Structures are given as C-alpha cells and as structure tokens.
Amino acid sequence: MPELPEVETVRAGLARWVVGRTVASVEVRHPRAVRRHRGGGADLTARLTGLRFEAASRRGKYLWLPLADRDGSRGEALVGHLGMSGQLLVRPVDAEDEKHLHIRIRFVGDQQELRFVDQRTFGGLLLDRLVPAADRPEENVPELIAHIARDPMDPHFDDALFTARLRRRGSELKRALLDQSLVSGVGNIYADEALWRAEVHGARRAGALDRATVARLLTEVRGVLADALQAGGTSFDALYVNVNGESGYFDRSLSVYGRDGLPCPRCGTAVRRIAFMNRSSYFCPRCQHPPRATVRKIV
DNA sequence: TATTTAACCTGGACGC
DNA sequence: TGCGTCCAGGTTAAAT
C-alpha cells in the first residue's frame with residue numbers, strides 16, 4: 001500500500017507527465033472517489049476543466065497539483081490521497097479502462113490521460129484552497145492538510161521540535177509514529193521496519209524515551225524511507241506514473257513486517273506478530289524488548 | 001484536551 | 001465448488 005516512498009514516486013511521475021498540461025475534460029465515475037470534494041463530482045468537473053497544472057507537490061502521503069487559474073493567479077490545487085490501493089496512472093486515451101477506474105482527466109492536445117484507479121476506494125481527489133504553511137508562510141499547502149506535519153525527508157523538518165513533541169506524548173511509540181500530525185509519511189509497514197532497525201519496541205511509552213533513542217529512531221525512519229524510495233525509483237516505468245499500487249518492490253527488503261515466525265535477520269529469533277490498533281505489528285522480541293505490560297499481554 | 005476506537009471498502013486466503 | 005469469515009490498513013469522526 002502506498003506510503004511516503006510510493007507517493008513520492010507518483011509525484012515525480014506527475015511532475016514529468018502532467019505538469020504544464022491543461023485539463024480538457026473530467027469524468028467522475030465513482031462518487032466515493034470525490035467524497036471529500038465539497039461540491040461533488042459535477043462541481044469538481046466544472047471547476048477543474050480549462051485549468052493548467054503548474055507543479056506536483058507532496059507532504060507525507062498527500063499529493064497536490066497547484067493550478068494556474070484562468071487569469072493566471074494561483075489559489076487552488078487538485079489534492080489526492082491514494083489511500084490503501086489507489087493509483088494515478090498516465091495511460092493512452094484509447095487504452096482499455098481498468099476495472100476500478102474512478103476518475104479520468106483528459107488534457108488539451110494530448111493523447112495520454114490521467115486516471116485515478118482504486119480498488120478499495122479509501123483514496124480520492126478533491127479541489128482545495130491553498131493556504132500559507134504554518135511554519136513557512138511563503139510556502140503554500142492545501143487547507144485540508146495544513147494540520148499535517150512535515151515528513152522526515154522534508155528539508156524543513158524540525159528534528160528538535162519533533163523530539164520535544166514526541167517526548168510529551170503519553171501514548172505508545174508506534175501510535176505516535178503513525179500520527180500524521182506529529183510526523184507524516186510513516187505507515188504501518190515502515191513504522192515496524194524503523195522500530196526494528198532502531199531496536200526499540202513500539203509499545204514503549206513515547207514520553208519515556210531519551211533524546212538519544214529518539215534521534216536513533218529518526219535516523220532509522222529516514223533510512224527505511226530512503227531505501228524504499230530507492231527501490232520504488234528503480235521500478236519506475238516511463239509510461240505509468242506509478243506501476244504498482246500494491247506494495248511489492250520493497251517486499252524483499254522487509255526485515256520484520258509480514259514475517260511472523262521467520263527468523264530475525266539480525267539475531268535469528270522468531271519474529272512475533274501482535275494485534276495493535278486494529279492492524280498488525282511485527283517485531284523481534286529479542287532485539288526489541290517489549291515493556292513489561294506488553295510481555296504479559298502477548299505471552 | 002488528549003487519547004483511543006470503530007467504520008469505511010474490496011478481494012484474496014482460508015476453513016468447512 | 002460454494003459459501004461464510006477473516007484480514008489487510010490510512011484517515012477521521014465519534015467515543016472515552
């Protein structure tokens with residue numbers, strides 16, 4: 001499923017294939033794909049047609065394409081989230097429709113079109129107003145995601161601020177890592193991988209971590225994201241904005257995620273799976289010693 | 001206010 | 001083969 005590295009690969013594809021093009025038509029085929037657009041599909045279609053995409057931006061797992069208005073002024077963007085199974089594909093206009101094709105955008109004088117395809121429809125597109133970023137007013141972000149923190153790959157990510165905010169949290173560490181208002185772009189898979197690399201158990205209290213541990217964790221979060229981004233980049237195909245909405249190309253590099261019962265690559269101890277937040281967490285019980293309460297719960 | 005839970009959704013895997 | 005159940009997980013509204 002798309003996390004930061006996958007979304008960044010999509011953003012790079014959009015920057016190459018979509019930026020500079022003017023929307024000729026929009027077809028919304030599934031209302032759920034535009035459920036977060038206040039005016040619905042007809043409104044999105046009417047307001048987007050005739051506008052030109054100026055850039056391709058990203059924060060965490062959100063993408064947006066700022067629009068040049070008809071009079072040249074800026075103010076809105078097409079915002080997208082891929083959810084768990086969403087794909088943004090650039091396809092020839094005569095290519096067969098995908099089974100779960102929900103939105104089609106055609107461009108003026110172009111034989112390729114942008115398609116939003118999403119099996120589980122957790123993702124979607126909307127048109128949103130751009131507002132100044134809270135920490136850097138010269139930078140615009142869609143209003144919808146103004147509350148989301150920068151991701152650790154962002155050059156303006158503030159390590160000291162993150163450390164301070166994390167250490168004020170009373171919740172478990174993994175829950176904090178998945179909180180997009182604290183740090184964006186980290187999902188269930190890469191949270192588990194980063195925690196394993198840092199040799200920290202996700203059930204530890206965030207507020208109980210010392211600064212050195214937080215620094216080590218942040219380094220490993222960046223490391224796992226960078227590795228995944230590199231893997232995503234190597235599979236990039238020129239025709240598709242993103243070849244693979246299903247996770248896959250980073251699978252070979254996963255150390256604990258999805259490896260219940262298999263040996264930890266570092267110490268050989270069997271990897272454990274526990275239920276957490278209605279999903280699964282994977283960890284090495286030797287490298288990542290659980291806090292006492294968790295030991296009681298999983299034994 | 002801060003934190004936690006449940007719901008949304010589809011298709012593959014699995015058990016019977 | 002067919003049916004029912006479980007599972008995957010990002011986001012957010014609702015509940016605690």
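All values derive from a computational prediction rather than experimental measurement.
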Student: Side-chain N or O of A:Ser85 less than 4.0 angstrom from OP1 or OP2 on B:dC9?
Tutor: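 Result: no.
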
Student: Assess whether one donor atom and one acceptor atom, taken from the side chain of A:Arg120 and the base of C:dA8, lie less than 3.5 Å apart.
Tutor: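 Under the 3.5 Å cut-off, the side chain and the base do form a donor-acceptor pair.
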
Student: Ignoring the backbone of A:Tyr62, work out which of B:dA6, C:dA8, C:dT11 is nearest its side chain.
Tutor: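 Output: C:dT11.
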
Student: Using side-chain contact (heavy atoms from CB on, under 4.5 Å) as the criterion, point out the one residue from A:Arg115, A:Arg104, A:His100 that pairs with A:Arg29.
Tutor: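 When A:Arg115, A:Arg104, A:His100 are each tested with A:Arg29, the side-chain contact (heavy atoms from CB on, under 4.5 Å) holds only for A:Arg104.
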
Student: Hey, does the Lys NZ or Arg CZ of A:Arg259 hover above the aromatic six-ring of A:Trp196, less than 6.0 Å from the centre and inside 45° of the axis?
Tutor: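 Because its charged atom misses either the 6.0 Å distance or the 45° angle limit, A:Arg259 does not stack over A:Trp196.
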
Student: I'd like to know if A:Asp179 pairs up with A:Arg175 as an ion pair, taking the criterion as any Lys NZ or Arg NE/NH1/NH2 lying under 4.0 Å from an Asp or Glu carboxylate oxygen.
Tutor: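 No.
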
Student: When all nucleic acid strands are considered with a 4.0 Å heavy-atom cut-off, which category describes A:Arg175: base, sugar-phosphate, or nothing?
Tutor: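 Base contact.
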
Student: In terms of the nearest nucleotide of DNA chain C, which residue is placed more toward the 5' end: A:Ile148 or A:Phe122?
Tutor: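 It is A:Phe122 whose nearest nucleotide is closer to the 5' end.
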
Student: Under 4.0 Å: is that the gap between some side-chain N or O of A:Lys99 and OP1 or OP2 of B:dT10?
Tutor: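 Answer is no, no contact under 4.0 Å.
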
Student: Which is true for A:Arg35 with a 4.0 Å heavy-atom rule: it touches a base, it touches only sugar-phosphate, or it touches nothing?
Tutor: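 A:Arg35: no heavy atom of the nucleic acid under 4.0 Å.
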
Student: Counting only side-chain N and O atoms of A:His100, is one of them less than 4.0 Å from OP1 or OP2 of B:dG11?
Tutor: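 Yes, within the criterion.
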
Student: Need one value for A:Gly123: base, sugar-phosphate or nothing, where a base atom within 4.0 Å counts as base even if backbone is also close, heavy atoms only.
Tutor: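 It contacts nothing in the nucleic acid.
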
Student: Rounded to the Å, how far apart are A:Leu4 CG and C:dT11 P?
Tutor: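 The distance from CG of A:Leu4 to P of C:dT11 comes to 11 Å, rounded to the nearest Å.
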
Student: Using the closest heavy atom to pick a nucleotide of DNA chain B for each, name whichever of A:Thr121 or A:Asn278 lands nearer the 5' end.
Tutor: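 First, find each residue's nearest nucleotide; the 5'-ward one identifies A:Asn278.
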
Student: Will you find, in the side chains of A:Asp118 and A:Thr121, an N or O donor that is under 3.5 Å from an N or O acceptor?
Tutor: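 Judged by distance alone, the side chains do not pair up.
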
Student: Rounded to whole angstrom units, what separation is found between the CG atom of A:Leu144 and the C1' atom of C:dG10?
Tutor: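 The distance from CG of A:Leu144 to C1' of C:dG10 comes to 13 Å, rounded to the nearest Å.
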
Student: Rounded to whole angstrom units, what separation is found between the CE atom of A:Met277 and the C1' atom of C:dA15?
Tutor: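 A:Met277 atom CE is separated from C:dA15 atom C1' by 15 Å.
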
Student: Round to the nearest Å and state the distance from A:Arg32 atom CZ to C:dT12 atom P.
Tutor: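 Checked: the CZ to P distance equals 13 Å.
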
Student: What is the distance, to the nearest angstrom, from the CD1 atom on A:Ile189 to the C1' atom on C:dA8?
Tutor: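 Rounded to whole Å, this separation is 9 Å.
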
Student: NA contact type, A:Phe276, heavy-atom cut-off 4.0 Å: base, sugar-phosphate, or nothing?
Tutor: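 Answer is nothing: A:Phe276 stays at 4.0 Å or more from every strand.
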
Student: To the nearest Å, how far apart are A:Tyr282 OH and C:dC7 P?
Tutor: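 Taking atom P of C:dC7 as the reference, OH of A:Tyr282 is at 11 Å.
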
Student: Taking OP1 and OP2 of C:dT11, is either one under 4.0 Å from a side-chain nitrogen or oxygen of A:Gln180?
Tutor: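 Checking A:Gln180 against C:dT11: at least one side-chain N or O falls below 4.0 Å of OP1 or OP2.
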
Student: Side-chain N or O of A:Arg279 versus OP1/OP2 of B:dA6: is the shortest distance under 4.0 Å?
Tutor: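 It does not, given that no N or O in the side chain of A:Arg279 lies less than 4.0 Å from OP1 or OP2 of B:dA6.
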
Student: A:His147 side chain: which of C:dA8, C:dT12, B:dG11 is closest?
Tutor: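 Of the candidates, C:dT12 comes closest.
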
Student: Should the ring pair A:Phe162 and A:Phe157 be called parallel, tilted or perpendicular, given that the plane angle runs from 0 to 90° and is split at 30 and 60?
Tutor: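 Tilted.
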
Student: Using heavy atoms to find the nearest nucleotide of DNA chain C for A:Ser280 and A:Lys61 separately, return the residue whose nucleotide is more 5′.
Tutor: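 It is A:Ser280 whose nearest nucleotide is closer to the 5' end.
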
Student: Can A:Phe53 and A:Thr22 be said to form a side chain to side chain contact (heavy atoms under 4.5 Å, CB included), step by step?
Tutor: CA-CA 6 Å; A:Phe53 292 123; A:Thr22 299; over 6 Å; no

Student: In this structure, how many angstroms lie between the P atom of C:dT12 and the NE2 atom of A:His81, rounded?
Tutor: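 Whole-Å distance recorded here is 8 Å.
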
Student: Touch check for A:Asp118, heavy atoms < 4.0 angstrom, all strands: base, sugar-phosphate only, or nothing?
Tutor: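 No contact at all - A:Asp118 keeps every heavy atom at 4.0 Å or more from the nucleic acid.
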
Student: Expressed as a whole number of angstroms, how long is the span from A:Arg168:CZ to B:dT1:C1'?
Tutor: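 So the CZ-C1' distance, A:Arg168 to B:dT1, works out to 14 Å.
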
